[in-house]
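First the structure, in the form of structure tokens, and then the observations on it.
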There are 2 protein chains.
Amino acid sequence: MPMRIERDLHMATGNGETSYTKNSRIQEKAMFHMKPVLEEATREVYTALLPKTMVVADLGCSSGPNTLRFVSEVIGIIARHCKELDDRRHDRPPQLQFFLNDLPGNDFNNLFQLIQQFHKSTARKHKGEAEEALPPCYITGLPGSYYTRIFPSESVHLFHSLFCLQWRSQAPEQLKGTKKTCLDIYITKTMSPSMVKLFQQQFQKDFSLFLKLRYEELVSGGQMVLTFIGRKHEDVLTGESNHLYGLLAQSLKSLVDEGLVDKEKLESFYLPMYSPSVGEVEAIVKQVGLFNMNHVKVFEINWDPYDDSEESDVVRNSIRSGENVAKCLRAVMEPLVASQFGEAILDKLFEEYARRVAKHLENEKTKHAVLVLSMKKAIHV
Amino acid sequence: MPMRIERDLHMATGNGETSYTKNSRIQEKAMFHMKPVLEEATREVYTALLPKTMVVADLGCSSGPNTLRFVSEVIGIIARHCKELDDRRHDRPPQLQFFLNDLPGNDFNNLFQLIQQFHKSTARKHKGEAEEALPPCYITGLPGSYYTRIFPSESVHLFHSLFCLQWRSQAPEQLKGTKKTCLDIYITKTMSPSMVKLFQQQFQKDFSLFLKLRYEELVSGGQMVLTFIGRKHEDVLTGESNHLYGLLAQSLKSLVDEGLVDKEKLESFYLPMYSPSVGEVEAIVKQVGLFNMNHVKVFEINWDPYDDSEESDVVRNSIRSGENVAKCLRAVMEPLVASQFGEAILDKLFEEYARRVAKHLENEKTKHAVLVLSMKKAIHV
């Protein structure tokens, strides 16, 4: 069965060792960094519009602890903000309606169990406090690709997306069905410039579409906070993602050499991904002309999300770090890789990958470059 | 593990022989009967409010073909109505936003796959037609009990519920933990009047709460169309549900005799159900005083949903009908029964049940009494 994005692009399910739930610390770290931006955008939207019900959408919510951490953040921001306002005037906090969106292959059943626990624990935590302490909160699940319209026009106040917009709607269209001579799955230094351009074009097409769709869905005065993996340098050939997926391609290639992976399957496999630079993102936002950028920032997170040493340039335990990176990437990539190459190779592939990452980290402590953008719907008079 | 309504009250999953998907013809028939009422309510709400986005909620949506049949009906009603209006003035159809609600134990993953197919087939069917032909439609899933608040205040235009409101939020509270002497699981002629009263009180409490919650959630001018299993006669001891569940209790009892079901487990098992009469429903609506009843109707559906002979009072093939009834009830009851008595007994139980139903139908062609109500949020000046 060929890979199908709608079905196969989702995080590893369940609660086991290789699940996304157990391997999403990098997303947690990113949330820590983007919190101030989220806080500012949320406050601004609420203050400007004072909606009776504030509609907040999380695009690419997945189904793990981070999903409800985001919900919890927004509830906290609104609660604090309304308390401050309340000292001046007597507003009641607004109602909050959350739409948690992901592709239909996402494990919404698991997410809905988490929501139920979340409601219960929130109620327990605030038992005895004044009823007004927390804004009433209603949470729904919205299946569908954010590269299509998923909301009625002008119905959302705040969009948020964490670690998703590096995914494309598909691998570059013109690469489909073509066989590559090298066995790259993403941009490398040896890739032909015309192929690199196809990856860039897919990003430009997808991101423009994304902006246009969200513009329609946002109310006037609405904002978006988008956090995703990007590139620190403008040069497309020196991104940190190139290393990350380059090592995965090498691991797949070594499985081809061992006869465990069909060479033809690797020849037709490209990642539906692109990690853009700040310049590329800004150029598209400007070109589309529907949003005013409030904020752009790049921060870095060690490849090994359990390595919290921000200062040192040396990886202390590269073997362990290699394993951690492999676990994280497996949680994100497993369904996609399994649908192309079969489940049987997963353990072996990610063991090989861990070794290669460890070796890489011995020479160079590599970090993800993460972009945080916040932008406001432009008013066209 | 004791039975938990939130987890265990849902239709049998999957697409197999005993699944709800394959055994929901009775719900399909009910939908045929209630369609004119739905059409009238939908038109009235739209005409009165002309919302830019019409918000429609299906409460207890389950996860089968009927769920999207309802969505499809509403889309059709709005499309036809707007076309008629369009001859007079130039309105564009509104956007439709559907919230499909059920308990968190419902198989939303399956439902979301169906939604995806639905979007695709709708797009295919209307390819080439004018873009305005169908109202744009956005579908979300909403986990939670409708005996709690699940929507922001005044955010819904139309509520619908098909074959769910006979379910209570729990079995009568005061029966919990008590051991019954007879082995009834629902009201029978031999049940003590005080126990019968507890079933009635649970209904009164739940239905009042339901009305109060929905009143808060409906916009002014909003309506509800509710279809559920009720009672034809006012006498609480002569309902058709009494027979249906009486035969299930007898089947369980015979498994106790055979040593397959633990007697203590049956002694503490009551169905979280009540099938009210029109009089009972009207009394509560009046007492709560938040809705004006537009329409109340009772119609009947043969226990065997594949028996389409409405005229004859004789069941032609009682063996086959017994099996059909057993299949339908199993699709609805399986998770609940399995959580109380274990999965191992299911086949045997419903074989026994089919035999008992067949015998019953030889003497008396029994029908479900189905209530259809339509009501409008009252305006309090």
Side-chain angles (χ1 to χ4, degrees), chain A residues 4-7 10 13 51-57 61 63 92-120 123 135-145 148-157 213 216-217 219, chain B residues 4-7 10 13 51-57 61 63 92-120 123 135-145 148-157 213 216-217 219:
Chain A
R4 258 185 28 217
I5 299 262
E6 282 159 351
R7 185 193 59 206
H10 59 82
T13 54
K52 222 181 89 184
T53 299
M54 184 156 167
V55 175
V56 181
C61 63
S63 177
R92 303 196 70 191
Q95 311 172 91
L96 290 172
Q97 190 171 35
F98 288 93
F99 287 82
L100 305 181
N101 156 257
D102 212 314
L103 291 169
N106 184 46
D107 190 350
F108 281 96
N109 284 351
N110 181 54
L111 178 59
F112 288 176
Q113 300 297 336
L114 295 176
I115 290 177
Q116 211 196 346
Q117 289 164 24
F118 176 80
H119 280 309
K120 277 185 187 161
C137 153
Y138 305 94
I139 310 178
T140 58
L142 173 54
S145 164
T148 66
R149 274 292 296 276
I150 48 178
F151 286 98
S153 317
E154 298 182 36
S155 66
V156 180
H157 297 92
L213 295 167
E216 298 284 334
E217 293 167 351
V219 302
Chain B
R4 262 189 21 222
I5 299 264
E6 282 160 350
R7 184 192 59 206
H10 58 82
T13 55
K52 222 181 90 183
T53 299
M54 184 156 166
V55 175
V56 181
C61 63
S63 176
R92 304 196 69 192
Q95 311 173 90
L96 290 171
Q97 190 172 33
F98 288 93
F99 287 83
L100 305 181
N101 156 257
D102 212 315
L103 290 170
N106 183 48
D107 190 352
F108 280 96
N109 283 351
N110 181 55
L111 178 59
F112 288 176
Q113 300 298 335
L114 295 175
I115 290 177
Q116 211 196 346
Q117 289 164 24
F118 176 81
H119 280 308
K120 277 186 188 160
C137 153
Y138 305 94
I139 310 179
T140 59
L142 173 54
S145 163
T148 65
R149 274 291 297 277
I150 47 177
F151 286 99
S153 318
E154 299 182 36
S155 66
V156 179
H157 296 92
L213 294 167
E216 298 284 333
E217 293 168 352
V219 302

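Below, chains carry the letters A, B, ... as their sequence lines are ordered, and counting in each starts from 1.
- The greatest number of non-hydrogen atom pairs below 4.5 Å with chain B, out of A/Asn109, A/Asn101, A/Leu96, is found for A/Asn109.
- Interface summary for chain B: among A/Pro136, A/Cys137, A/Gly141, the most heavy-atom pairs under 4.5 angstrom belong to A/Gly141.
- Distance OH/B/Tyr138 to OG1/A/Thr148: 9.0 Å, rounded to 0.5 Å.
- Residue A/Ser155 does not touch chain B at all, counting heavy-atom pairs closer than 4.5 Å.
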Determine whether A/Leu142 and A/Phe151 satisfy the following criterion, side chain to side chain contact (heavy atoms under 4.5 Å, CB included), listing intermediate values before the conclusion.
CA-CA 9 Å; A/Leu142 173 54; A/Phe151 286 98; 3.3 Å; yes
Derivation and outcome, side chain to side chain contact (heavy atoms under 4.5 Å, CB included), residues B/His119 and B/Gln116:
CA-CA 5 Å; B/His119 280 308; B/Gln116 211 196 346; 5.9 Å; no
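- Interface remark: B/Ile139 contributes backbone atoms only to the contact with chain A (heavy atom separation under 4.5 Å).
- Annotation for A/Ser153 and B/Gln95: closest pair N-OE1, 2.6 Å, computed over non-hydrogen atoms.
- In this structure, A/Asp102 CG and A/Ser63 OG are separated by 8.5 Å, a value rounded to the nearest 0.5 Å.
- Ranked by non-hydrogen atom pairs under 4.5 Å with chain B, the options A/Ile150, A/Thr53, A/Ile115 are led by A/Ile150.
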